[in-house]
Amino acid sequence: MVLLGAGCGIPAASDVRVDGKGGAATEAGVISRGSEPPTRTASGTLQEVFVRNFLSAAAGEPDRAYERVKAFVAPEDKIRLQDKKGSEVALNVVRLREAVYTPNRDLTTTVKITVQQIGVLRANGTLAPPVATETEYEFGLRSASFDGGVDDDRAGLYIINPPNVLLLSDTALRQYYQDETIYFWSSDRTRLVPDQRYRPQAVPVERRVNEVVKWLVGGPSDWLRPGVVGLPDRTELINNATGGNGRWEVNLDMPSDDQNGIDQLITQIAWSLGDLPGQLELKIRNNAQPVVILGERRNSHALYPHAASPLRFGVYDGAIHPLDFEGEPSGTVPLAPEVNRNVVSASLGFAKDRRILAAMVVTGSKNRYRLAVGTGVEPVSVLSRSSTEYSSISRPVWLRMVDSRPGRGLVVADGQLYRFDETARMYQMPLNLPSGEVTAVAAALDGQRVALIAGGRLYVAAVNLDGGGVSIGPPRELVTSLTNPTAVDWGREDQLVVAGSVGQPALYEISVDGALETPLRTDLGAKVNHLTAYPSNRGVRAPSGAYMYEVNGVAYRSSPFERIEPSRVRGIAPVPAGVRQSNPSAPFFLY
């Protein structure tokens, strides 16, 4: 962290205090949640605490955000903040990097905070990309005592010359909001796709159903829109959702009476309410549908059909082998021995009919590589190869299907993104991105969202599978503490596992909008060139946080963190005395 001081125009008699915030990400479990941010006087005259509380004041229900923030502002400066109401309220979410406190001769203190703009939290619970470009904000502090001179703990402090926007720290976002997942049907209406929202902790639990239905009526997040469908146009909530004692009533004005669409909406609401128990009575223009038990609806309509517990595999001496760990299921290689050769990296998956989908990077001629693809009943014995060789190819990924359509996947070759089919034909995918080569791609469990690294930046984008093709919507860049990302995969529905740097190579878990960060490993020693994760989800109750990665030719796994030794590789021949044993590489999950 660079500490400010020289060249600040500080009076000789003053003293500068630097409030270093330590790590950019919040350690999981450190912050205790609360429903309401602290009041202005809660910090007394402790300036650092007061500023942190000021950066939390906007948290909560949007219609009172300005009121809460203005309570921190000196009466003479309240006019600097122009109130907005209801849906117009937007909070600039920032990651606080540093705060410098400079006492002045008039007994005020000048505060300069350095921030990273993360995004704009809207009243509908979405975190949109940042609009502001400021990296610094400056404002003042003064005593709230009547004469403005002597510090008084009971009177507390005031903000003077406040910023003219509502600021919310990422710490406050984590502490005073509940991150929730709601779902929209994919553009082909074959599966539900997650969408992340934030609900203020201050919202009473009994209003949760109402908030979720309002989010669904309002439609998906902007970046997700190209891959999903919202509710029919002109759908409105009639009054508020009501209920209690395990029974909820939702009344909608919808222009359609299509029973299949209504049934899908009930499933969508059931999953969007998380694990909420009880009964749901949906009414369409006051006409009641049959009462549904929420838990039964979720059980009978799988969120991720055909998902399975993960099996670990890796590459050893150019062939795929199972990786065996105590207490975990272990599989067999679903490839015939004659095609399990010259493998650099691989992705194996299951189709709806339990066919094996195999995509591999294999060695070609003169340090070049091809994509090899094979599908069929286990063991797969025939591979198709790409017509072109490339100087570099990333680990391919399959887009999971829930129907009988042929398998399709994505791969990066020589800095360009391609889609491929079951015959290894590759088609370049246009991306609306600033100049910069693509270096990594990862697909979510729903098959409708991808994460990309391009030009040294991290992106997410929606996938559209209409009409038998594959198109990718405009990517959204995620603002994170990590620089120079090298690898990415989906660790959960709403979280990515990302390798990059925070001064040294590190692994972070980052929310799909970039706002919430948790450091996983900060002592890697060298950059990660291969990363794979099992996306834990509500369909398969497998342990969360399972990922594997490779650094300097050595593979590691999480939970517990340990090197993947050759002894974990099944089916390899003993090494003669005096011969150095190879390391397993390019680990991956089959699920």
Side-chain angles (χ1 to χ4, degrees), residues 1-2 20-30 95 97 116 312-318 321 323 325 344-346 361 367 392-395 412 437-442 451-458 478-492 495-511 514 516-534 543-569 575 580-589:
M1 180 167 289
V2 179
K21 297 301 174 185
T26 303
E27 292 283 353
V30 170
R95 188 168 287 122
R97 296 300 200 190
Q116 182 182 40
R312 297 181 192 256
F313 292 86
V315 177
Y316 186 88
D317 282 347
H321 290 266
L323 299 177
F325 292 94
V344 177
S345 64
V361 178
N367 295 320
S392 67
I393 305 182
S394 73
R395 186 176 77 92
V412 176
E437 65 176 16
V438 182
T439 54
V441 62
L452 301 158
I453 297 176
R457 298 181 177 185
L458 179 64
L478 303 187
V479 182
T480 78
S481 298
L482 285 176
T483 59
N484 302 316
T486 59
V488 61
D489 207 350
W490 293 78
R492 289 190 278 165
Q495 300 280 338
L496 303 171
V497 179
V498 186
S501 178
V502 283
Q504 61 181 351
L507 276 172
Y508 268 45
E509 186 178 60
I510 298 175
S511 61
L516 306 179
E517 296 184 336
T518 302
L520 300 174
R521 300 289 291 180
T522 57
D523 56 353
L524 300 178
K527 76 174 184 178
V528 173
N529 54 18
H530 175 91
L531 172 66
T532 182
Y534 174 70
S544 62
Y547 59 90
M548 300 183 285
Y549 61 94
E550 186 177 331
V551 174
N552 277 342
V554 179
Y556 298 85
R557 72 153 181 160
S558 67
S559 305
F561 288 108
E562 64 179 10
R563 177 174 176 170
I564 302 177
E565 301 286 353
S567 59
R568 298 293 188 181
V569 182
V575 176
R580 184 176 181 180
Q581 193 168 24
S582 300
N583 287 321
S585 64
F588 64 93
F589 295 95

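Residues that satisfy the side-chain hydrogen bond (donor to acceptor under 3.5 Å, both in side chains) test with R395, not counting sequence neighbours, are absent from this structure. By the side-chain hydrogen bond (donor to acceptor under 3.5 Å, both in side chains) test, D317 pairs with S582, sequence neighbours left out. Under the rule for a side-chain contact (heavy atoms from CB on, under 4.5 Å), the partners of Q581 that lie at least two apart in sequence or sit in another chain are Y316, P566, I572, V575. In this view, S511 and Q196, Y198, Q495, D513, A515, L516 satisfy the side-chain contact (heavy atoms from CB on, under 4.5 Å) rule, not counting sequence neighbours. Contacts of E562 classified as side-chain hydrogen bond (donor to acceptor under 3.5 Å, both in side chains), with partners at least two apart in sequence or in another chain: R557.
Remark: R521 is positioned above the aromatic ring of F561, its terminal NZ or CZ atom under 6.0 angstrom from the ring centre and at most 45 degrees off the axis.
Here F589 contributes atom CZ and Y534 contributes atom OH; the two are 9.5 Å apart, rounded to the nearest 0.5 Å.
You'll find the side chain of F325 reaches within 4.5 Å of the side chain of R568, heavy atoms only.
With P587 as reference, L323 is the one residue of L531, V315, L323 to meet the side chain to side chain contact (heavy atoms under 4.5 Å, CB included) rule.
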Could you list the donor-acceptor pairs under 3.5 angstrom formed between side-chain atoms of residues 483-490 and any protein atom two or more places apart in sequence or on another chain?
from, atom 1, to, atom 2, distance (Å)
T483, OG1, S501, O, 3.2
T486, OG1, V528, O, 2.7
D489, OD2, A533, N, 2.8
W490, NE1, A442, O, 3.3

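Crowding of N367 atom CG: a count of heavy atoms from other residues, nucleotides or ligands under 6.0 Å not exceeding 12.
With S558 contributing its side chain and P560 its backbone, the two residues share no donor-acceptor pair below 3.5 Å. Using modelled atom types, no side-chain atom of S394 and backbone atom of A440 make a donor-acceptor pair closer than 3.5 Å.
With 3.5 Å as the limit, one finds no donor-acceptor pair spanning the side chains of S585 and E550.
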